[in-house]
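Below you'll find the structure, written out as structure tokens, and then a few comments.
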Amino acid sequence: MTDSRHIVVLGAGYTGMFSAVRLAHRTRRTGVRITLVNPSSRFVERLRMHQIAAGQKLAEHRIPELLAGTGVTFVQGTVTAIDPEARRITVDGAGSLDGAGTLAYDTLVYALGSSTDTGTVPGADTHAYTLNSPETAGRFAARLTEVAAAGGTVTVCGGGLTGIEAATEIAEAHPGLDVTLVSTEEPGSMMGEKARAYLHRALDRLGITVETGARVAKVLPGAVELADGRTIRSDACLWTAGVRVSPLAADAGIATDDRGLILVDDTLRSVSHPQIHAVGDAAAVRMDFGQLHGSCQSGLPTAQYTADTIARLVRGKSVKPFRFGYFHQPLSLGRRDAVIQFTKADFTPRGLRLTGRTAVLYKELVSGSPLMTYRYSKRMNLTTIVSRGGRATRATR
């Protein structure tokens, strides 16, 4: 079978990379062309950004090397516009392409992901650091070294999993620092009682001050101002609260929700432009129990499903609706401790949990699994779907 269609994948994060590699394997005998577009040639392990922020040096992985042997064409450049009617994208910084800086597609996989939103609180965009890239995390690490030398204070704003991992990593790496975690909700509120208690003992052990029920009103050059009027001294502020997605889809007239996520049907195809498939953080994916939240745990299965779906469509086969259920909440607490809360399909906690050294090994396996998956997926169809949701998704799907 020969098919001349051109599939373009936008974004080479966890989901975009997996989509491209798995697609290449699944369509290797069809004649389909696949192009992956990304601003940087470096593959970013977002699951490890808190390690860079704490001053650790991590291995660098290059996208062309990860794609070697797949036949996927890599285009380094920034997508600035999508024309879904003409099925073309505009790419800046990628050379001439077709002479006009554009790239035509027959099928588009939209995998641009999300980033930390610093635009909702005054001063966060100018006075706070983020974990949006290795470069921004590296700048925070450099500042952290200066602050630690002076015995200063650090605030981590956002008590979700990223904020907790960052705060514990920083406190462990720099025990002389005064670290404060500012959160509107209780850290670990999504976990079961025993896992949450373990988490809070770890925060206490590391000397982290937790401001629960606190909302940041403003980030100042040397402090964080709370909504109740209190001011917390902050020689370095790390912002991990809230996410935003690229406006490209909404600007192109692709149907999105109020946050800019692409509205998809139960096969993860755009409801307004079916030739566009959205995966990971960029897609508003709904299960019977609710909308999926952005995470590698749910993102990789959407990429796997989309690659398989496109491969089936290329061959003229029917596809079944996407089904997914959550399985766990893995959380590192520095390099020597962790807690793993196992969950039901709807992300509510089960009674089972792991802690301590066993949890550390488990978390490291989770963090390293995407790269292993890409390597093996060049030759075989590995699955990243641990749970399809069982009864939670079987009723109407």
**OP:** Please find out if less than 6.0 Å separates the ring center of Tyr326 from that of Phe324.
**Re:** yes
Which of Ile340, Leu47, Leu365 passes side-chain contact (heavy atoms from CB on, under 4.5 Å) with Pro330? Answer is Ile340
Could you list the donor-acceptor pairs under 3.5 angstrom formed between side-chain atoms of residues 115-125 and any protein atom two or more places apart in sequence or on another chain?
unit_1, atom_1, unit_2, atom_2, d
Thr116, OG1, Asn132, OD1, 3.2
Asp117, OD1, Gly119, N, 2.9

In short, salt bridge (Lys or Arg N to Asp or Glu O under 4.0 Å) pairs touching residues 6-25 with sequence neighbours left out are Arg22-Asp308
Contacts satisfying salt bridge (Lys or Arg N to Asp or Glu O under 4.0 Å) that involve residues 170-193 (not counting sequence neighbours) are Glu172-Arg336, Glu186-Arg196
Using the rule given for side chain to side chain contact (heavy atoms under 4.5 Å, CB included), can you reason through Thr73 versus Ile34, listing the C-alpha separation, both sets of side-chain angles and the distance that settles it, and then say yes or no?
CA-CA 6 Å; Thr73 299; Ile34 303 171; over 6 Å; no
Check Arg62 with Glu60, please: is the shortest side-chain N to carboxylate O separation under 4.0 Å? yes
* May I ask you to say whether Asp346 pairs ionically with Lys344, meaning some side-chain N is under 4.0 Å from a carboxylate O? => no
Consider only side-chain N and O atoms of [X] and [Y], and report whether a donor and an acceptor are under 3.5 Å apart.
| X | Y | result |
| --- | --- | --- |
| Thr306 | Thr309 | no |
| Glu225 | Thr231 | no |
| Gln56 | Gln51 | yes |

Across all chains, not counting sequence neighbours, the ring pair (Phe, Tyr, Trp, His ring centres under 6.0 Å) partners of Phe327 are Phe342
_Pair Tyr374-Tyr14, ring pair (Phe, Tyr, Trp, His ring centres under 6.0 Å): steps then yes or no_ = CA-CA 9 Å; Tyr374 305 151; Tyr14 286 118; 7.2 Å; no
Acceptor/donor pairs from residues 354-363 side chains to any protein atom, 3.5 angstrom cut, sequence neighbours excluded:
unit_1, atom_1, unit_2, atom_2, d
Tyr362, OH, His328, ND1, 2.7
Lys363, NZ, Glu165, OE2, 3.3
Lys363, NZ, Ser367, OG, 3.1

For Ile385, the other hydrophobic cluster members (4.5 Å side-chain criterion, sorted by chain and number) are none
